[in-house]
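A quick write-up on the structure given underneath.
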Amino acid sequence: MKLYRFFLSILAGAALAAGCVQEQVISSLDSFQVENSYLGIPLEGGIANTAVKATAQWSFDDTTVPEWLTVTPRSGGSEVTGIVFAADANTGSSARTANLVVNVGSRKQRFTVIQAGPGAYEAPISTIAEVMAGNDGQTFRIRGTVTTIANTNYGNLYVQDETGTIYIYGLFNAKGQYPKDAGGWNTFGVESGDIITVQGPRTMYGSTLELVDATLIKVEKSLISVEPGEIALESAEAGTFTISVVSKADGMAVLPSESWIKLTDIAAGEGGAAVYSFAYEANTTTAARTASVLFKATNSSKSVSVSQPGVPPTGQSITEIVALPDNSGVETLESTVVAKTAKGFVLSDGTTAIYAYDSGANAVEIGDKVKVLATKTTYNGVPELATITSVEKTGTASVVHPTVKDITAGIVDYTASVAEYIQFTGTLKVSGNYLNVEFDGVDTGTKQGSIVYPIDALDAKSFDGQVITVTGYFNGLSSGGKFVNVIATKIAGANAKGTLSNPYTPAEAADAVKDLKWTSNTDYESTDEVYMKGKICKIANKGTYTEGGTYGNASFYLSADGTGDGEFYVFRALYLGNKKFEAGQTDIKVGDEVVVYGKLMNYQNNTPETVSGKAYLYSLNGKTE
């Protein structure tokens, strides 16, 4: 039994009914994770305890610990520690509260310890603006109007006061039950427009302010009733709808949230109701749209949600889809599955890629050509396909990834607005289903890599604790930019062949591509980007094309020692830094030692060579720039 429930059982008699009842770590400080930041001690004295998991040195700020409270221990290091809070009997006239601060490097974690008093204790009401200014893991009690109910199984809803809006992600009743476990949402008695008081721990999920697994304290019913409570329009065409309103409140303002809905008439209805008529414009886009109609009186309000589908989508390329507004219904043109996760797959039209999240419902394989019906959205800052309703397999194709971008050196500042093909190198740390990559010289609280739902074929967890190079498609930044998420296509250990620390020899590279298939210049198999080291033994075309060419690439043969006819053909490779050869640069010559980075193929099924335009000189006689 978690300590949150222990807390509730101790303080039930003291009317501290708002304890945080949840079954997860609530702190967002990865260097100091706490089981519970809100604890209670009974009137007659006793202890409360919690567990912390730290990866850094920490200590309580002694100035925040009151004389009536004993905290043991007050400091610790990188380990899991139990902290005990103890107090003698409270002989005062009221409950007493300790707001404690723990210093974790330059960051702070807060604990609240309350000891019950002779009378009932009620936590103060905070405004949503005050919650916004608070810290993750800190517990708040708020009072506001329910504007939107998003999920009735777990009680997810939006609450608004005069200072802002907050998302309640999970709502408990006094017994610590979600609606689905308590007989249904109707047992909570909460409707849109009601004023509710809830209490729970604060967190920021991306840019969304939340109270997670909050406890419902009080419901103040709206004085306004509406029928229907929500309206789902059937088509994208223009039309009308009506809402019947019965109000015991003073005055009434009718406020559509969007300009495509307009009030056209008010008439008397049955039972003292007023019937409001509205007209709505046609939706000319493929994006579904939502709005609300707010009925606002002096001392109460009620909101009715309105949704309208978009026009049916027609076939579009991935490049066109990523530019569409969110919630657009889309039908992809034939695209290729170029990567997979346990929860979805990456589609590419040869120019742009996008992740399709389907919780693993569709049995597609890498190399499948498909058409997909879905909704375009944005997740963690990059376009994504969700709500997938159809996946039609139309054939198969060879998978060719774009030229990879190694972001290791610039990992702290890296960002992108699309699913770029990236690569980074660091140490893999596995914790349950989380596979994070730590980078040399980079604070783990600032930036880490994260491998998103890797497929079993990658055997990702077997690399735990090892230095690896991860290659794949960028899947956005999460946790306020801390995690660089990647959908992996390849995970290579530091000693794997073809890496910078262990490059292929020309002969090894030739052996690596011998089974790759070539059908035509546009249909062939290739490796991902790899490193190959050798010496130039023969030159087909110099990079500067001093013989009269101006293409800015070079073609030459490599062998291990620079002799013979060559064991691997480097075809149309670019210069250092993946740039064109230019006049005035140090050009190549026989005997030069080079490291080539790029994709390899088996041209016409009998000639091992680099893919044209997909390779460049990583180093020339040890020089990289």
Side-chain angles (χ1 to χ4, degrees), residues 1-27 32-53 58-76 80-102 109-126 134-135 137-143 171-177 182 197-202 211-218:
M1 180 172 70
K2 289 285 186 182
L3 293 177
Y4 298 98
R5 301 195 183 278
F6 172 69
F7 171 45
L8 280 180
S9 64
I10 287 176
L11 295 181
L16 186 58
C20 311
V21 187
Q22 66 174 40
E23 301 291 335
Q24 63 183 32
V25 172
I26 59 174
S27 171
F32 190 81
Q33 298 179 338
V34 303
E35 184 183 36
N36 191 356
S37 65
Y38 201 95
L39 303 108
I41 298 174
L43 170 67
E44 64 272 18
I47 65 171
N49 51 71
T50 189
V52 303
K53 181 181 179 181
W58 57 270
S59 62
F60 277 88
D61 182 344
D62 290 336
T63 64
T64 65
V65 181
E67 292 184 1
W68 59 267
L69 184 67
T70 301
V71 180
T72 308
R74 291 199 180 191
S75 62
V80 177
T81 305
I83 301 178
V84 178
F85 304 88
D88 294 331
N90 183 0
T91 59
S93 60
S94 62
R96 49 189 182 184
T97 302
N99 294 307
L100 310 177
V101 174
V102 179
Q109 170 65 43
R110 286 169 169 78
F111 286 90
T112 298
V113 180
I114 296 176
Q115 184 176 20
Y121 175 82
E122 183 171 310
I125 299 292
S126 299
N135 297 277
Q138 189 175 356
T139 297
F140 291 92
R141 178 179 289 203
I142 65 164
R143 178 179 180 270
L171 189 64
F172 286 137
N173 62 16
K175 296 181 179 180
Q177 297 171 313
T197 302
V198 300
Q199 181 168 307
R202 172 205 190 271
L211 293 185
V212 179
D213 286 349
T215 297
L216 179 63
I217 307 300
K218 184 178 180 182

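Keep in mind that the numbers below use all heavy atoms, side chains included, and drop hydrogens, waters and symmetry copies.
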Atom of Ala48, atom of Gly40 and distance for their closest heavy-atom approach: CB-O, 3.5 Å
Test item: Asn49 and Ile83 side chains (from C-beta on) under 4.5 Å apart, heavy atoms: no
Smallest separation among heavy atoms of Ala182 and Gln177, with atom names: CB-OE1, 3.6 Å
pair Asn90-Trp68: side-chain heavy atoms closer than 4.5 Å: no
Side-chain touch Ile114/Ile41, heavy atoms, less than 4.5 angstrom: no
Any Gln199 side-chain heavy atom under 4.5 Å of Phe140 side chain: no
Pair Arg202-Gln138, side-chain donor/acceptor within less than 3.5 Å: no
Approximate separation, where rounding is to 0.5 Å, of Ser75 OG and Trp58 CH2: 6.0 Å
Point-to-point distance, once rounded to the nearest 0.5 Å, from CG of Leu211 to OG1 of Thr215: 10.5 Å
N/O donor-acceptor pair under 3.5 Å between Asn173 side chain and Gly176 backbone: yes
Exercise: identify the closest heavy-atom pair between Ile47 and Ala86: CG2-CB, 3.7 Å
Asp88 atom CG, over 12 foreign heavy atoms within 6.0 Å: no
Validation row: Thr197, Ile142 side chains within 4.5 angstrom (heavy atoms): no
Least distance between heavy atoms, Gln115 atom then Ala87 atom: OE1-CB, 3.7 Å
Residue pair Thr64 / Asn99, side-chain heavy-atom distance below 4.5 Å: no
Val102 side chain near Leu100 side chain, heavy-atom distance below 4.5 Å: no
Close side-chain approach of Leu69 to Phe85, heavy-atom, < 4.5 Å: yes
